[in-house]
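Here's the structure we're looking at; comments come further down.
Each chain gets a letter, A, B and so on, in the order the sequences are listed, and its residues count up from 1.
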Amino acid sequence: MIALCDCNNFYVSCERVFNPSLEGKPVVVLSNNDGCIISRSNEVKELGIKMAQPAFYIKDLIKKHNIQLFSSNYTLYGDMSQRVMNILSGFTPLMEIYSIDEAFLDFTGITEINYQKTGDEIITKIKKWTGIPVSIGFAQTKTLAKIASKAAKRNFGVYSIDSPRKHDIALKNTSVADLWGVGGQYASMLAKNKIYSAYDFTLAPDEWIRKNMTVMGLRTKKELLGIPCIRIEDDIKDKKAICTSRAFGKKINSIDFLREAVATYATRCAEKLRKQYSQANILMVFIHTDPFNKNEKQYRKSITISLPFPTNDNQILLKYALMGLEKIFSKGYAYKKAGVIVDSLEPDSSIQGSLFDDSGSSKKKKLMESIDVLNSKFGRDTIRYAILGDGKEWKLRQEKLSGRFTTRWEEILSVSVKV
DNA sequence: TCTGGGGTCCTAGGACCC
DNA sequence: TCTGGGGTCCTAGGACCC
């Protein structure tokens, strides 16, 4: 079994630890410029206030219900998070810190375990030692554990999907839009295809899901059926991309202001890079207009620069960032947001095989046949075959699926696909 | 008047290298 | 009619997560 431990209303809970008089009162934590709401207490959720809503939208409600507002304090939240994670790591050797307020715990192979009891124990310990309330869901896979942890919030903090009956109930009572891995775009696409619940989703054919939602969607389906496809990643990996960006509170008309901002962000990126002992291969600068302003034409501009050599040097990154800004800046537009991204960009390696024989269209036919053979041998879930061609030449392109299937890639390498 | 700041992975194809 | 195979790097965009 896998557990997902999730801190309740994390940022708000952190503020409450240091100010217990906030207990029972409506509280929100606001984003950087006090722009939108990024954490809500239960009292606030009950008022119908949504996540990421701009604060000024609901200023009447704030006044009416005397909602307590806090600017975000990430240093505090990071520190509290570490304390919670330290306690959690005592319960199992294999754990993945998924976000600042969530961790997956792997109890696979541990048979002598009472989930309710273990869950209660974790909740009590964390509450006692840190003051943070948490919920825990147990299930066969990460995707199901996500569902279980939501149910846990309505069930005194613990819920386990540990029987076929509970599994069935979980799938039928979960809207497909609430699934981990399904966002707004997919949810509306699925609704158009009459797929509303997680259960409906498990009935959709594999091929259809893969075609419309990539292999990620297919993994979600398998996970819902209880087949683990998403590993617990216990090692903390270096960031592959590092971004520093800000929205300005108001429109920016001067390029000097932008230059200054971009220089600051490039320097900040360099700091983050050095902190994880990485160097950047790529640098990207972007600026865009206010996406919420429907009265003006929208512009998004960005430039990607491949650096001549990997670096994390302040001066070099700053120089290229400013060069990039000069290139993309057009006079006369007001910009609302700017940023710098440095990127190591290590693309998945793929194998391109070319196949030739001596007759035109029969070549394609033979390729198709060989693909069928390969698919039946290795299964469509493991590798994807694509035929590329212009009518005269045909190429077979094999692409591995990353993630847990990677090891099986070795088998593929030994296959020679001569026709 | 005012609407966050980070990240991840997948897909697809072109250029180029030895 | 001929035709290498096995890659890497780069570009660009679309979806998702907290």
Side-chain angles (χ1 to χ4, degrees), chain A residues 6-7 10-11 29-39 50-59 71-72 74 77 81 97-102 142-143 146 177 179-189 210-220 230 233 237-251 265 268-269 272 281-282 284 290-294 300 302-307 336-337 339 341 343-360 363 384 386 388 392-403 413 416-418:
Chain A
D6 188 358
C7 300
F10 184 55
Y11 297 166
V29 173
L30 300 169
S31 66
N32 249 21
N33 305 325
D34 291 346
C36 33
I37 287 156
I38 54 172
S39 184
K50 299 269 183 294
M51 186 69 172
Q53 263 190 340
F56 73 89
Y57 262 33
I58 54 155
K59 59 174 188 257
S71 298
S72 43
Y74 291 104
Y77 310 148
S81 171
I97 298 173
Y98 178 66
S99 73
I100 194 162
D101 68 339
E102 279 173 85
K142 286 168 99 172
T143 305
K146 275 273 187 185
L179 288 177
W180 190 43
V182 177
Q185 299 297 314
Y186 285 152
S188 58
M189 185 276 290
R210 157 158 291 173
K211 189 165 153 269
N212 291 287
M213 298 173 70
T214 82
V215 69
M216 306 287 275
L218 194 51
R219 282 182 196 148
T220 299
I230 307 170
E233 312 258 359
K237 298 201 178 89
D238 285 346
K239 301 256 182 289
K240 293 176 178 173
I242 287 170
C243 173
T244 307
S245 69
R246 289 289 178 280
F248 306 112
K250 52 179 197 233
K251 288 177 184 171
Y265 304 159
R268 183 80 191 94
C269 281
K272 293 182 191 173
N281 284 315
I282 287 160
M284 186 175 130
D290 179 0
F292 297 99
N293 187 338
K294 304 289 181 228
R300 309 183 72 89
S302 71
I303 188 164
T304 306
I305 299 166
S306 291
L307 301 168
K336 199 63 186 294
K337 181 167 179 176
I341 299 171
D343 197 339
S344 63
L345 200 74
E346 290 168 48
D348 279 55
S349 50
S350 61
I351 282 200
Q352 245 171 324
S354 351
L355 290 122
F356 303 98
D357 75 354
D358 50 7
S359 58
K363 219 177 275 180
R384 188 173 68 88
L388 313 170
K392 278 188 278 184
E393 271 190 12
W394 301 96
K395 282 188 168 188
L396 174 66
R397 186 174 177 134
Q398 310 170 328
E399 288 177 359
K400 70 166 180 170
L401 304 182
S402 58
L413 268 182
S416 116
V417 209
K418 292 253 185 221

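- Atom name P, nucleotides dC18(C) and dT3(B): the rounded distance is 24 Å, in whole Å.
- In this structure, Y74(A) atom OH and dG4(B) atom P are separated by 11 Å, rounded to whole Å.
- At the phosphate of dC18(C), neither OP1 nor OP2 sits under 4.0 Å from any side-chain N or O atom of S39(A).
- Using a 4.0 Å heavy-atom distance criterion, K146(A) is classed as a sugar-phosphate-only contact.
- Remark on DNA chain B: of its neighbouring residues K59(A) and N32(A), the 5'-side contact belongs to K59(A), judged by nearest-heavy-atom nucleotide.
- Residue F248(A) is in sugar-phosphate contact alone, with no base atom involved, counting any heavy-atom pair closer than 4.0 Å across all strands shown.
- E102(A) places no side-chain N or O within donor-acceptor distance of the main-chain N or O of S99(A), the cut-off being under 3.5 Å.
- Among dC16(C), dC18(C), dC10(B), the nucleotide with an atom closest to any side-chain atom of R219(A) is dC10(B).
- Among the heavy atoms of the strands, none lies under 4.0 Å from G339(A).
- If you measure from atom CG of D34(A) to atom C1' of dG5(B), you get 14 Å, rounded to the nearest angstrom.
- Of the possible donor and acceptor atoms, none in the side chain of S72(A) sits under 3.5 Å from a partner among the backbone N and O of Y74(A).
- With distances taken from any side-chain atom of P54(A) to the nucleotides dT3(B), dT11(B), dG5(B), the minimum falls on dT3(B).
- Side chain of T304(A), nearest nucleotide from dC18(C), dT3(B), dT11(C): dT11(C).
- As rounded to whole Å, 11 Å separates atom P of dC10(B) from atom OH of Y186(A).
- Looking at the side chain of V215(A), the nearest of the listed nucleotides dC10(B), dG5(B), dC18(C) is dC10(B).
- Comparing F56(A) and K337(A) by the nucleotide of DNA chain B whose heavy atom lies nearest to each, the residue mapping closer to the 5' end is F56(A).
- The nearest whole Å value for the distance from the CE atom in M189(A) to the P atom in dA15(C) is 10 Å.
- In this structure, CG in L218(A) is found 8.5 Å from OG1 in T220(A), a value given to the nearest 0.5 Å.
- Side-chain atoms of F292(A) lie closest to dT3(B) of the nucleotides dT8(B), dC18(C), dT3(B).
- E102(A) comes within 4.0 angstrom of the backbone, heavy atoms only, and of no base.
- Side chain of I38(A), nearest nucleotide from dG4(B), dG6(B), dG7(B): dG4(B).
- Taking the side chain of S31(A) as heavy atoms from C-beta on, and the options dG4(B), dT3(B), dT11(B), the nearest nucleotide is dG4(B).
- In terms of phosphate contacts, K237(A) brings no side-chain nitrogen or oxygen within less than 4.0 Å of OP1 or OP2 of dG7(B).
- Rounded to a whole Å, the CG atom of L218(A) is 12 Å from the P atom of dC10(B).
- With respect to K142(A) and E233(A), no salt bridge is recorded, no charged nitrogen being found less than 4.0 Å from a carboxylate O.
- Residue contacts for I100(A): at a heavy-atom cut-off of 4.0 Å it reaches no nucleic acid atom on any strand shown.
- A distance of 13.5 Å separates CG in L179(A) from OH in Y186(A), rounded to the nearest 0.5 Å.
- A distance-only check finds no donor-acceptor pair linking the side chain of K336(A) to the backbone of N293(A) [under 3.5 Å].
- Between the NZ atom of K211(A) and the P atom of dT11(B) there is a distance of 14 Å, given to the nearest Å.
- One can place NZ of K239(A) at 17 Å from P of dG5(B), the figure rounded to the nearest angstrom.
- Heavy atoms of T244(A) sit under 4.0 angstrom from primed sugar atoms or phosphate atoms, though from no base atom.
- Counting to the nearest Å, the P atom of dT8(B) and the CE atom of M216(A) are 12 Å from each other.
- Using a 4.0 Å heavy-atom distance criterion, D101(A) is classed as a sugar-phosphate-only contact.
- Heavy atoms of I97(A) sit nowhere under 4.0 angstrom from any nucleic acid atom.
- Of all nucleotides present, only dG5(C) satisfies the Watson-Crick or G-U wobble test against dC18(B), with each distance under 3.5 Å.
- Contact record, F10(A) with S81(A): CZ-N, 3.8 Å, taken as the closest heavy-atom pair.
- Residue K50(A) is classed as having no contact, given no heavy-atom separation below 4.0 Å to the nucleic acid.
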